[in-house]
Structures are given as structure tokens and as C-alpha cells.
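Working notes, beginning with the structure itself.
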2 protein chains.
Amino acid sequence: MTDDDSPTTRVRGRRPPQGDPVVDRALALLGAFDSSRPYLSLSELSRRTGIPASSALRLAGRLLEWGALERGADGRFSIGLRLWEVASLTPRSHELRQVALPFMGDLEEVTRQHVLLAVREGEEALMVERLSSHGAVAALYRPGGRMPLHSTGVGLVLLAFAESSFQEEVLAQPLMHQPEKVPVSSAALRRTLAEIRRDGLATFRRGAPGPIVSVAAPVHDAQGSVVAALSVLVPAENAEPRLLGPAVRTAARGISRGLGPWRAPGTP
Amino acid sequence: MTDDDSPTTRVRGRRPPQGDPVVDRALALLGAFDSSRPYLSLSELSRRTGIPASSALRLAGRLLEWGALERGADGRFSIGLRLWEVASLTPRSHELRQVALPFMGDLEEVTRQHVLLAVREGEEALMVERLSSHGAVAALYRPGGRMPLHSTGVGLVLLAFAESSFQEEVLAQPLMHQPEKVPVSSAALRRTLAEIRRDGLATFRRGAPGPIVSVAAPVHDAQGSVVAALSVLVPAENAEPRLLGPAVRTAARGISRGLGPWRAPGTP
DNA sequence: CAGTTGTCTTCCATTGGTCGGCATTGTGCC
DNA sequence: GGCACAATGCCGACCAATGGAAGACAACTG
């Protein structure tokens with residue numbers, strides 16, 4: 001029962017049954033970019049999104065005109081600065097960073113390594129900001145990137161203070177430490193989370209690119225719920241968790257206080 | 001020749017002659033947000049973009065689903081974290097910040113005020129990053145926000161090293177210092193720009209929220225063109241431009257060097 | 001150097017996703 | 001209760017969006 005498709009009857013502009021909403025396709029184009037591929041040619045864009053080249057070109061043209069995409073001399077596309085400008089208004093990054101940066105600066109000055117701030121987004125942590133000193137150890141994750149909840153200091157804090165239904169959902173899955181690929185026992189993780197809740201502090205060690213230890217603490221908003229996690233990342237050898245703990249907790253409290261009275265985004 | 005529109009013939013879904021491309025409308029929704037209005041209700045969104053409420057709702061729904069928008073418990077929309085995540089891949093912010101942040105941290109530690117990094121976007125400077133210490137003086141501009149080229153330290157640097165055709169375009173307009181609203185003589189500005197090119201350094205004073213001085217230097221990419229400007233912002237009273245100048249220039253050179261060898265984004 | 005391959009772009013007949021007015025419900029204020 | 005405003009659901013006409021075909025151009029290849 002193949003339908004009639006003799007060469008002569010084949011129409012030119014037959015619109016195929018496919019047909020995602022236009023907006024979704026345009027967003028798919030934006031989503032095709034990736035930290036490992038910040039520049040994409042038209043055909044790469046087309047392949048990654050499954051959108052035919054001619055359609056991809058038309059849509060990309062619109063995005064280009066507005067500034068959501070830019071196009072280099074070699075014809076390749078990248079995310080546009082105009083989009084970044086608008087996106088920087090997202091409250092969970094903008095408000096938070098504004099308050100947190102000075103405190104993060106203090107911590108960096110003391111530790112001279114990495115200081116990072118992350119929020120939860122879906123089943124991962126999203127790094128909102130990172131300060132890194134010159135001689136700092138190699139870091140696994142980057143600002144704007146995602147980090148596993150169960151295998152990073154900030155992630156553990158965010159998980160420990162999430163709703164318990166969400167915690168159970170995560171605990172139900174088989175989890176592996178990253179990047180070592182060592183299985184995590186759900187019972188051990190449960191115990192760790194309880195400790196974090198008790199101490200208001202997470203200490204996480206990993207040996208991957210180099211042995212490091214991360215000390216993380218929760219940041220609360222005016223309603224008292226945990227909206228972010230702050231952490232310092234130092235090489236394991238000269239780590240002094242005893243000293244780092246109070247410093248991180250103090251900074252996190254400072255940020256929390258800064259978020260408090262600044263409430264009420266009612267029309268100014 | 002009014003067309004027939006007797007009450008009974010009035011069709012329901014008559015599509016009006018209006019009709020911007022869908023993608024443009026969706027982007028207009030994103031563009032409706034603003035640093036002074038990071039939260040918008042549906043009707044505000046509709047009014048600001050000129051899109052009828054029912055259409056705005058439908059489009060916003062799509063954006064919401066993808067994560068380009070978020071919606072609070074009160075029903076108001078804001079920019080979504082997913083959009084920020086993608087937007088953070090824009091080379092002009094991502095690559096630059098990665099290299100610049102450690103150097104900016106050094107400068108902040110010395111000055112204990114504001115350190116900022118900006119790129120040129122159209123006829124304005126766009127602040128890509130700012131580090132601010134605790135006791136720092138009030139700042140006029142915010143990260144992600146735009147600054148006038150002729151009335152800020154970083155702006156002057158970016159203007160001074162822009163193509164001359166662009167400079168003439170700017171010089172041809174009547175310019176005012178911000179926020180004092182004092183006219184800028186085009187001849188004086190021309191002289192200032194020449195000095196900046198000669199010294200590789202801009203010094204800019206303003207008295208607005210408080211008397212401050214900004215010392216700015218250019219950042220070059222591997223090809224030698226100026227891609228950003230770095231600046232420190234300190235209160236005028238205890239400013240030591242003599243000392244700040246070399247510090248800022250050194251840091252800017254460090255960033256430029258960091259951008260150099262990191263060239264060639266050819267497929268890895 | 002003709003042949004091959006791949007990318008980018010323009011063209012265009014077709015059609016299904018998009019359109020906004022209207023109706024309804026929800027919410028706050030006097 | 002009455003009024004004003006915001007949000008959402010509904011609907012069918014219609015035009016903007018569609019993707020295959022084909023051309024232009026560049027880079028390899030035998």
C-alpha cells in the first residue's frame with residue numbers, strides 16, 4: 001500500500017506530516033549548542049536538531065536578526081550576546097549572584113582556590129558562578145554547566161535540603177560517583193544526607209583529576225527554604241576542613257541574610 | 001469599501017492582517033523583560049509586546065515548557081534558568097570570563113572596590129562581569145546591563161579602539177555625560193580618545209552618586225583587535241591613578257595573553 | 001581537470017499550525 | 001452585589017511556514 005509517488009506526481013512543497021510548533025524548533029536550535037560545541041555550522045545545526053537545512057537556515061536567520069545567534073566570518077553560528085543579556089535577568093542567577101559575589105570574593109581570598117555557587121535545576125545542580133584563583137587545581141565543572149547532585153559538595157547540600165519526595169526519587173536510581181564510576185550505596189548516601197542536615201555542612205572528597213575536598217553549605221531565602229549551595233574546593237593535601245567549615249557557613253549565612261530583606265519584587 | 005462585517009457574518013477566527021513571524025513574537029516576549037521588570041504578568045507581557053493576551057499565553061506556554069521562561073506561584077513570568085544555561089555559552093561572555101576572572105580577582109583584592117569587564121555591543125558597552133567588594137561605593141551599572149560608550153571608562157576604551165568609521169558615527173551624535181546630563185564636546189572627546197590610544201589607558205571621573213574615578217585598559221584577542229575593556233572603579237578621594245594604571249594594564253595584558261594561544265576552535 | 005562530495009543558499013506550491021475575538025471563570029476592590 | 005481587570009479555553013479561516021529540488025560554490029580525489 002505505498003502511496004502514489006510516481007516522479008511526475010511528486011509535488012514540490014508538500015508539507016510533511018512532521019511539524020513541531022515553530023517556537024519549539026527555534027528553541028531546539030538554541031538547545032543544539034553545547035559547552036563542547038559552542039560553534040555550529042548550518043548542517044551541524046540541521047543534523048543535531050533533525051530540522052531540514054532549508055528550514056534551519058530560515059529559523060536561524062530570524063534568531064540571528066534578533067541577536068539570539070551570532071554568525072562568524074567562517075559562517076558558523078554561536079549563541080548571541082543579546083540572548084545572554086536577556087538571560088542574565090533570570091532571578092535565580094541575577095539576584096543571587098549580586099548578593100553572593102562579595103562573600104564569594106572573601107572566601108576566595110582566604111582559600112585561593114575555587115569558590116562556587118550552584119542551584120538545583122531538575123535532577124542536577126547548575127553552577128551559577130565560580131571564582132577561581134590563578135594556581136587553583138583543575139576543576140571538573142564550569143559555570144553554566146551541570147553537576148551531579150550525589151557526587152559534588154554543592155549537589156549533596158541541595159539534595160539534603162530538597163523535599164523528601166524528590167530525595168526518594170533520586171535515591172531510587174542506581175547512582176555512580178563521578179567521574180570515578182564507583183557505585184554509591186543508597187544507604188550510605190541516606191546517612192550522608194542526614195549528617196549534612198544535622199551539621200548544615202557537606203564535606204565531599206574526590207580523587208579524580210587530583211585529590212580534592214569540597215566543603216559546602218546551604219543558602220536560604222527569606223522564607224527559609226534552601227535556594228542555593230556555596231562551596232570551596234581545595235586540594236586534599238593541605239585541606240583544613242575544620243577551618244573551612246565555619247568560613248563557608250559564615251559566608252553562606254551572609255548571603256542568606258542578604259537575600260532576606262531584599263524581598264518583595266512588587267512594582268517599584 | 002468596508003468589507004462585509006454584519007454581526008451574523010462575523011467569523012470567529014478571522015486572522016488579522018497583522019502577523020509578525022512567530023519566532024519574532026516569541027523573542028519579543030523574552031525581550032519584554034528588563035532589569036527594572038524581571039517579573040511580568042501575562043497582561044503586562046501582552047501590553048509590552050502588543051501581542052493579544054490569548055496569543056501571548058500560547059507562546060509563553062511553549063517557552064515555559066522548554067525552560068526559556070519560568071512562572072512563579074503568583075502567576076508572573078520570569079526568564080528561565082534553562083535559557084541562562086544556554087546563553088552562558090556565548091563565546092563573548094564565556095571564553096572571556098573564564099580567562100579574565102582570576103585576573104579580575106587579583107585586582108579586586110588590591111583595590112577592594114569594583115572591577116569590571118565589558119565588551120562592545122552595538123553603540124553601547126555591555127558589562128560582562130563585575131566583582132565588587134563589600135564596602136564598595138554605589139555603582140551605576142550592573143552585570144548584563146548596558147553602559148554608554150562616551151561616559152564610562154570601559155566605554156571610552158572600547159570606543160577609542162573601534163574602527164574609525166564607527167567612531168565618527170558616534171562622534172557625529174550629540175552626546176551627554178551620564179548621569180549628569182552635561183553635553184560632551186566632540187572635539188574634547190576626540191582628544192580624549194587619542195590620549196587613550198596613546199597611553200593604552202583611560203581615566204574617567206564622574207561625580208554622580210559619589211565622586212569616583214575609573215581606570216580602564218583594553219583587552220586584545222589573538223589577532224590583536226580589542227575585544228573587551230577591563231576597569232577598576234574607586235572613590236575619587238583616595239584614588240591613586242598613578243598606581244592603578246599599571247595594575248590595570250598588567251591585568252589586561254594577562255587576560256590578552258590568556259586569550260591568545262587558546263585560539264583555534266576547530267573541531268577537537 | 002573532470003568527477004565527486006559536501007555545504008550553503010534560493011525558489012516555490014502546498015497545507016496544517018497559528019491567529020485573535022469571544023465566552024467563561026477567577027480575583028480583588030468599592 | 002456590582003464592577004473592573006486578569007487569566008484561560010475555544011474555534012475555524014487563512015496565510016506563514018514548510019522541505020524537496022536545484023543552483024552556486026568550494027574542497028578533495030583519481
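Just so you know, these numbers use all the heavy atoms, side chains as well, and skip hydrogens, waters and symmetry mates. Naming convention: chains lettered A, B, ... in sequence-line order (proteins, then strands); numbering from 1 in each chain.
- Side-chain atoms of A:Ser54 come within donor-acceptor range of the base of D:dG20, with a qualifying N/O pair under 3.5 Å.
- Atom CG of B:Leu59 and atom P of C:dT18 are 8 Å apart (whole Å).
- A:Leu64 has its CG atom 14 Å from the C1' atom of C:dT9, to the nearest Å.
- Looking at B:Arg37 and B:Glu44, a side-chain N of the basic residue comes within less than 4.0 Å of a carboxylate O on the acidic one, giving a salt bridge.
- For the pair B:Arg142 and B:Glu129, the salt-bridge criterion is not met [side-chain N within less than 4.0 Å of a carboxylate O].
- Atom P of nucleotide D:dC5 and atom CG of B:Leu45 are separated by 19 Å, given to the nearest angstrom.
- For C:dC19, the OP1/OP2 oxygens have no side-chain nitrogen or oxygen of B:Ser55 closer than 4.0 Å.
- A:Arg58 has a side-chain polar atom (N or O) that falls below the 4.0 Å cut-off from OP1 or OP2 of D:dT18.
- Under the 4.5 Å side-chain criterion, counting only non-hydrogen atoms from C-beta, B:Leu193 is in contact with B:Leu156.
- Remark: side-chain polar atoms of B:Arg130 are paired, donor with acceptor, to backbone N or O of B:Tyr141 under 3.5 angstrom.
- The pair A:Arg146-A:Glu123 fails the salt-bridge criterion, with no side-chain N (NZ, NE, NH1 or NH2) lying under 4.0 Å from an Asp/Glu carboxylate O.
- With rounding to whole Å, A:Arg62 atom CZ is found 12 Å from D:dT18 atom C1'.
- A:Met127 CE to A:Leu140 CG: the interatomic distance, rounded to the nearest 0.5 Å, is 9.0 Å.
- One N or O on the side chain of B:Thr152 and one on the backbone of B:Pro148 form a donor-acceptor pair closer than 3.5 Å.
- Within the 4.0 Å cut-off from OP1 or OP2 of C:dT18, not a single side-chain nitrogen or oxygen of B:Arg25 is found.
- One end of the helix from C:dC1-D:dG30 to C:dC30-D:dG1 points its axis 40° away from the other end's axis, with each axis taken from 5 pairs and the angle rounded to 10°.
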Quiz item: Can A:Phe103 and A:Leu230 be said to form a side-chain contact (heavy atoms from CB on, under 4.5 Å), step by step?
Solution: CA-CA 10 Å; A:Phe103 292 97; A:Leu230 177 72; 5.7 Å; no
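- Atom CG in A:Asp24 sits roughly 14 Å away from atom P in D:dA17 (whole-Å rounding).
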Report each atom pair, protein N/O against N/O of nucleotides 6-8 of chain C, whose distance is under 3.5 angstrom.
| from | atom 1 | to | atom 2 | distance (Å) |
| --- | --- | --- | --- | --- |
| C:dC8 | OP2 | A:Ser43 | N | 2.7 |
| C:dC8 | OP2 | A:Ser43 | OG | 2.7 |

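- Ion pairing between a basic and an acidic side chain is recognised when a charged N comes within 4.0 Å of a carboxylate O; B:Arg58 and B:Glu65 show no such pairing.
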